[in-house]
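Worth knowing before you read on, the calculation uses all heavy atoms, side chains too, and leaves out hydrogens, waters and symmetry mates. Treat the numbers as computed from the prediction; the structure is a model and nothing was measured.
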Amino acid sequence: LSLSHNRAQSVAPCEVCEGAEEMTEPLRQCTAWLSAYFCEPAQIETLPVPTFHHPLLQQDSFTSQVLWTLLRDVKFGEAVSYKQLADLAGNGRAARAVGGAMRSNPIPIIIPCHRVICSSGQKGNYGGGSLMKEWLLAHEKLRQEK
């Protein structure tokens, strides 16, 4: 799936309408983060990381370490191989375990598992499907060029 500049520029503005005033603070943070991701990516760095309460992210495990490392170290528009992410997370021999961590990711897009690709440059797998992964990577590249 590829996006042309014209199509990307014709996207309607992002906004949250219904129930915004009734949201809890963690939900408000997630909404603000996702809105920035899709509409104003330069703002992501200035927003607080949403509060995550998922048990997997609270554990002291390699999977949790990989997911937090990915969130913290691989920025918008960047890509990293499974091996590089294993190195960043402290175990360069655990590229397969990184793949398992990506499959376990409870918060795709916010924890950007779509940015993890094969060392060969191939896109690799994605829980949302290969077309979604390609779209997300193209979205980040296109937004980064603006």
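The hydrophobic clustering, which links ILVMFWY residues whose side-chain heavy atoms are closer than 4.5 Å, places I117 and L71 apart. Clustering ILVMFWY residues whenever any of their side-chain heavy atoms sit less than 4.5 angstrom apart, transitively, puts I44 in the very cluster that holds V80. Under a hydrophobic clustering in which Ile, Leu, Val, Met, Phe, Trp and Tyr are joined whenever their side-chain heavy atoms come within less than 4.5 Å, directly or via other members, L34 and V49 fall into the same cluster. Under the 4.5 Å side-chain contact rule for hydrophobic residues, W135 and L137 do not share a cluster. Clustering ILVMFWY residues whenever any of their side-chain heavy atoms sit less than 4.5 angstrom apart, transitively, puts L88 in the very cluster that holds L67.
Ring-plane geometry between F38 and H139 is classed as tilted, the angle between the planes lying from 30 to 60 degrees on a 0 to 90 degree scale.
In plain terms, the two heavy atoms of L47 and A36 that are nearest each other are CD1-CB, 3.7 Å. Contact between G77 and E140 at its shortest, heavy atoms only, is N-OE1, 2.8 Å. Of all non-hydrogen atoms in G124 and Y82, the two that sit nearest each other are CA-OH, 4.5 Å. In terms of heavy atoms, V66 sits closest to A89 at CG2-CB, 3.8 Å. The shortest non-hydrogen separation linking C30 to P50 is SG-CB, 3.5 Å. Contact between H53 and Q58 at its shortest, heavy atoms only, is CA-NE2, 4.0 Å.
The side chain to side chain donor-acceptor pair (under 3.5 Å) pairs that include a residue from residues 119-131 number zero, where partners must be two or more places apart or lie in different chains.
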- Item | Chi angles and distances behind the side chain to side chain contact (heavy atoms under 4.5 Å, CB included) call for M132, H114 | CA-CA 9 Å; M132 179 63 72; H114 60 277; over 6 Å; no
- Could you walk me through whether I107 and N105 pass the side chain to side chain contact (heavy atoms under 4.5 Å, CB included) test, one step at a time? CA-CA 6 Å; I107 312 166; N105 182 0; 4.2 Å; yes
- Passes side chain to side chain contact (heavy atoms under 4.5 Å, CB included), Q29 versus F52? Steps please. CA-CA 10 Å; Q29 289 175 343; F52 303 129; over 6 Å; no
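In this structure, I109 CD1 and R115 CZ are separated by 10.0 Å, a value rounded to the nearest 0.5 Å. For the atom pair L70 CG and K75 NZ, the distance stands at 10.0 Å (nearest 0.5 Å).
In this structure K83 satisfies the side chain to side chain donor-acceptor pair (under 3.5 Å) test together with D87, sequence neighbours excluded. Partners of E40 by side chain to side chain donor-acceptor pair (under 3.5 Å), not counting sequence neighbours, listed by chain and number: Q43.
Across I111, T63, V116, a single residue satisfies side chain to side chain contact (heavy atoms under 4.5 Å, CB included) together with M102, and that is V116.
The number of heavy atoms from other shown groups lying within 6.0 Å of CZ (R72) is above 12.
Looking at S35, its side chain never comes within 3.5 Å of a backbone N or O of T31 through a donor-acceptor pair.
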